[in-house]
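Each chain gets a letter, A, B and so on, in the order the sequences are listed, and its residues count up from 1. For the numbers below, each heavy atom of this structure counts, side chains included, while hydrogens, waters and symmetry mates do not.
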Amino acid sequence: MNRYNPKQIEPKWQKIWDETNLYTTDLKSSKPKYMAMSMFNYPSGNGIHVGHAMNYTISDVKARFKRQQGYESYHPVGWDSFGLPAENYAIKAGISPQESMARIIPAYHQQYKAMGWSNDWEKEVTTSTPEYYKWTQWLFVKLHEHGLAYQDSRWQWWCTKCQTVLANEQIVDGKCWRHEGKDDPIVEKKEVKQWFFKITDYADELLEATEDLDWTESVKLSQKNWIGKSSGAEIDFELKGLEEKLTVYTTRADTLHGVTFMVLAPEHHLVEKLATKENQQEVERYVKQAIKKTELERQSEKKKTGVFSGSYAINPINNKQIPIYVADYVLSGYGTGAIMAVPAHDERDQQFAEAYDLDIVQVVNEQDKLINSEQYNGLTVAEATEQIVDDLAKSGKATKKTNYKMRDWSVSRQRYWGAPIPVVNCEDCGSVVLPEDQLPVVLPELTDFKPSGDGRSALARATDWLKADCPKCSKPAERETDTLDTYVCSSWYMFRYLDPHNQQMIFDSDIANNWMPVDFYNGADHATAHLLYARFITRFLNKIGLVSTVEPFTKMLYNGKVTAKDGSAFSKTLGNGPDPLEIINSGYGADALRTYLMFAAPLEFGARWDSKGVPGTHRFLSRLWNITEEYLSLDSSSADSEAIPEKESRQLLSITHKNIKKVTEDLDANRYNTAISSCMETLNNLYLLKEKITFSRSEAWQTALESLIICIAPFAPHITEELWQQLGHSDSIHVDHWPKVDEQYLTSDTMTIVVQVNGKLRANIEVDSGADQAEVIKQAKANSNVDSFIDGKTIKKEIYIPKKLVNFVV
RNA sequence: GCGGAUGUGGUGGAAUUGGUAGACACGCUAGCCUUAGGAGCUAGUGCCGCAAGGCGUGGAGGUUCAAGUCCUCUCAUCCGUACCA
């Protein structure tokens with residue numbers, strides 16, 4: 001008998017699948033479609049790690065399951081190949097990012113294939129190729145055309161290591177998302193001219209649609225918090241001795257009588273004007289020092305600081321004079337960058353008031369009613385908020401206003417390795433976006449990829465490339481040296497997967513309308529950034545009529561990460577994670593690795609790495625192999641091999657169909673771990689049955705084995721393909737083979753009834769399936785163990801749960 | 001702080017509408033077998049107890065014939081977030 005040898009069969013089938021294009025998707029197929037994918041990979045020199053193995057196996061199992069069920073299933077593959085690591089590597093190693101990608105990506109091909117993932121390689125997408133980024137640039141042009149891309153000079157988070165601007169989403173614990181190590185610097189602020197995408201225009205619809213998404217709840221919640229909608233009002237305060245007004249945003253207009261001071265953010269444009277002569281020096285000093293501070297420093301400072309400006313504002317509700325302070329606990333980026341402070345009802349204002357000895361006036365009592373508020377006394381908070389804003393609005397001093405935490409998406413990066421922003425800067429016309437027919441703006445080849453040193457990217461060194469004629473006035477001008485944030489590339493790649501070679505359009509709308517949204521999407525990261533950007537861009541593509549869907553991903557599963565045995569993260573820098581290829585090559589094979597990762601825990605939990613785990617699933621697969629080999633070695637020529645007794649056949653088919661039902665339901669519901677355990681249980685039962693009943697080349701045994709193998713196929717594609725073939729099939733198990741549950745085998749002649757006395761288990765009895773309540777209770781009482789507990793006692797109550805349980809209360 | 005989740009054997013984890021707690025796997029124990037291997041097979045394995053039986057899902061109450069599951073309080077851990085006016 002052959003032993004199970006993954007080292008032999010896995011490469012064999014990988015080669016056959018490749019040669020027969022088994023996983024090439026026909027996007028125009030008449031079959032129902034299914035698209036399952038994981039967030040695509042950022043290729044680095046290190047190759048795949050066990051976390052990738054986890055992510056892509058999840059979507060692969062899904063794609064395989066659907067393909068077996070008869071869907072035209074698409075499991076795409078691509079590379080998010082622009083970005084910093086490749087550029088930094090290029091600076092260090094002295095080879096161009098183009099060159100290093102050309103080396104790295106083919107190595108990934110080998111690894112993906114070794115994992116047995118059913119990717120469609122004909123439609124592979126690489127974001128750093130001009131064929132792809134032409135359309136990333138095109139997207140920029142279109143967004144600009146529709147008023148959703150604009151340029152603005154702003155204080156931006158700046159990573160000194162990357163020498164580039166960062167979006168809020170790219171800051172992790174006050175540090176750059178690429179440099180969050182212990183010795184890495186905290187981010188700084190720098191005023192830079194940037195391009196922005198106006199995602200805030202879509203804030204409301206994104207927020208509203210979030211509720212209905214079939215996504216992991218925690219991601220939905222993060223997105224809601226990230227958008228951070230709040231309803232309030234803007235209120236104008238007149239300034240003593242100044243023409244200008246000070247506008248504040250508040251959600252608590254009801255507390256207007258409790259305002260005892262105003263606070264401006266240090267960056268506020270009125271700070272300079274409001275600082276009186278006596279206070280000027282101190283204000284300037286404070287502002288200078290506050291702007292330098294980083295978010296991390298502000299966080300660690302528990303004490304509120306600030307300075308008095310010397311000026312006063314007039315409270316529009318009662319004309320009282322209120323002192324104006326400058327303090328860094330007020331942020332310039334939120335609301336209007338200025339607040340009305342109500343120390344009695346806001347903790348931060350209270351801390352500030354206590355530190356600077358300012359008045360605290362309570363205006364709301366414990367019953368949430370207004371006090372010390374003149375004609376508004378007695379109103380509830382909700383009533384007063386409404387009425388005060390209405391009253392002030394009559395004289396134009398207040399307007400209702402909705403505010404969002406979410407900022408516009410900054411997309412400019414001062415880096416070489418990205419899609420050039422398709423803009424020409426002309427002395428006369430300013431920044432001019434290129435017309436479509438001048439795309440792509442191809443990234444020039446360079447030898448030195450370091451930022452130019454003047455705040456611009458390395459592209460400033462490409463002197464020939466820099467020269468371009470202004471599309472408006474045709475005068476000589478200079479190209480933009482910033483490139484696009486890589487999140488732009490990844491915000492629309494799922495569309496390109498559907499039409500990767502199209503030279504005329506970003507993608508074909510007919511195909512996209514058939515295939516979008518993606519049915520299943522998973523990943524262990526990017527809850528807010530990428531997943532929000534992709535939703536935004538999809539909505540934009542819908543608005544301009546390119547696709548009928550508004551959401552990119554129907555189902556999003558936020559899976560857990562693979563961690564060390566104690567639950568701690570594998571460190572990238574230490575490289576202490578297990579190497580999937582090493583595990584495969586050591587003889588356990590990809591099937592055992594895949595099965596372990598999917599079996600170890602629910603997908604949302606992630607898997608804890610246990611070095612005994614893969615040997616465990618390898619044992620399971622070996623047992624599947626061995627029983628099949630033993631079955632195949634039975635004599636198939638004799639007449640009595642045809643059939644086994646009806647009762648035995650029924651036993652076999654009963655466990656078989658129970659398993660089919662369980663696995664089908666679990667795969668649909670993404671409960672992979674219990675699907676696998678059901679298959680293990682079924683296999684154990686087959687081993688037991690083989691000793692108890694006739695083990696022969698019979699239809700029942702053939703069906704039992706084949707069904708089990710089909711159910712395991714999404715997890716372990718190689719061994720199942722091999723056994724399928726050995727069982728006499730010439731087609732692939734992976735296409736259009738999924739068994740139907742036959743209900744007749746799910747019922748049985750007898751049922752097991754649990755018998756309790758006073759809620760405690762006393763017996764399990766087997767009764768006829770047709771038995772009624774009286775009959776079941778009669779048999780329950782007849783049980784000797786039950787009898788010993790009820791004998792001589794009065795039965796107060798008999799509870800009967802049909803087909804399940806009897807409980808005697810004595 | 002706030003928001004969200006999760007607490008079940010030595011370990012990872014199972015348990016439809018409340019109805020046999022611990023499926024499946026790892027580990028461990030004993031026995032068998034052999035081509036002595038990273039094997040394979042069989043049996044056992046929540047805790048206490050010789051047993052009958054009792055106890056048991058972070059803790060304390062409660063509802064119920066019956067609670068891992070529902071309610072109240074409480075503790076712990078993890079994740080997200082960070083002065084959002």
What integer distance in Å separates [X]:[atom1] from [N]:[atom2]?
X      : N     : atom1 : atom2 : value
A:W226 : B:G80 : CH2   : C1'   : 11 Å
A:Q773 : B:G19 : CD    : P     : 19 Å
A:K561 : B:G80 : NZ    : C1'   : 11 Å
A:Y329 : B:C83 : OH    : P     : 13 Å
A:K224 : B:U81 : NZ    : P     : 17 Å
A:K658 : B:C24 : NZ    : P     : 13 Å
A:K796 : B:U64 : NZ    : C1'   : 15 Å
A:Y325 : B:C83 : OH    : P     : 23 Å

Let me see the working for A:L531 and A:M556 under side-chain contact (heavy atoms from CB on, under 4.5 Å), right down to the final yes or no. CA-CA 9 Å; A:L531 283 170; A:M556 156 70 206; 3.9 Å; yes
Under 3.5 Å for both donor-acceptor distances, Watson-Crick or wobble: does [N] have a partner, and if so which one?
N     : answer
B:U29 : B:A43
B:U77 : B:A5
B:C84 : none
B:U64 : none
B:C50 : none
B:C24 : B:G12

I'd like the [atom1] distance from [M] over to [N], given in whole Å.
N     : M     : atom1 : answer
B:C79 : B:U63 : C1'   : 33 Å
B:G22 : B:A15 : C1'   : 9 Å
B:C55 : B:G49 : P     : 16 Å
B:A14 : B:A25 : P     : 15 Å
B:G62 : B:G68 : P     : 15 Å
B:U69 : B:A52 : P     : 29 Å
B:U8  : B:G3  : P     : 25 Å
B:G18 : B:A67 : C1'   : 6 Å

Does [N] have its OP1 or OP2 closer than 4.0 Å to a side-chain nitrogen or oxygen of [X]?
X      : N     : result
A:N785 : B:G53 : yes
A:R3   : B:U35 : no
A:Y334 : B:A85 : yes
A:R407 : B:C84 : no

Would you classify [X] as touching base, sugar-phosphate or nothing, given that sugar-phosphate means primed atoms plus P, OP1 and OP2, and contacts are heavy atoms under 4.0 Å?
X      : result
A:Q756 : base
A:N673 : sugar-phosphate
A:F620 : nothing
A:L805 : base
A:D346 : nothing
A:D666 : nothing
A:R671 : nothing
A:T617 : nothing
A:K760 : sugar-phosphate
A:T250 : sugar-phosphate
A:N403 : nothing

Provide the closest heavy-atom pair for A:V364 versus A:D254 in the form atom of the first, atom of the second, distance.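 In terms of heavy atoms, the two residues are closest at CG2-OD2, 4.0 Å.
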Nearest heavy-atom neighbours spanning A:L723 and A:E629: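 Distance-wise, the nearest heavy atoms are CD2-OE2, 3.8 Å.
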[X] has a side chain; which of [options] sits nearest to it?
X      : options             : result
A:T752 : B:G53, B:A85, B:U20 : B:U20
A:R619 : B:C24, B:G40, B:A15 : B:G40
A:V754 : B:C83, B:C84, B:U20 : B:U20
A:M680 : B:A82, B:A14, B:A25 : B:A25
A:K804 : B:U17, B:C83, B:U20 : B:U17
A:K405 : B:C26, B:C84, B:C83 : B:C84
A:A601 : B:C65, B:C84, B:G12 : B:G12
A:I799 : B:G13, B:A85, B:C65 : B:C65
A:F605 : B:U20, B:G13, B:G19 : B:G13
A:N807 : B:C24, B:A66, B:A85 : B:A66

So, do [X] and [Y] have ring centers that fall under 6.0 Å from each other?
X      : Y      : answer
A:Y533 : A:W409 : yes
A:F352 : A:Y329 : yes
A:Y596 : A:H618 : no

Syn/anti state for B:G9 [syn: chi within 90° of 0]: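 Because its glycosidic torsion lies within 90° of 0, B:G9 adopts the syn conformation.
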Counting only N and O atoms by type, is there a donor-acceptor contact under 3.5 Å from the side chain of A:Y249 to the main-chain atoms of A:G337?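 Judged by distance alone, no pair lies under 3.5 Å.
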Is there a donor-acceptor contact under 3.5 Å from the side chain of A:H345 to the main chain of A:V363?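 Yes: the side chain of A:H345 pairs with the backbone of A:V363.
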Assess whether atom NZ of A:K690 is packed by more than 12 heavy atoms of other residues, nucleotides or ligands within 6.0 Å.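 Atom NZ in A:K690 is crowded, with more than 12 foreign heavy atoms closer than 6.0 Å.
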Which sits closer to the 5' end of RNA chain B, A:Y588 or A:V809, going by the nucleotide each is nearest to?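 Taking each residue's closest nucleotide, the earlier one in sequence belongs to A:Y588.
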Nearest-nucleotide comparison on RNA chain B, the residue closer to the 5′ end among A:N225 and A:P615: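 Result of the comparison: A:N225.
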A:Y334 side chain to A:S230 side chain, donor-acceptor N/O pair below 3.5 angstrom: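 A:S230 and A:Y334 do have a side-chain donor-acceptor pair below 3.5 Å.
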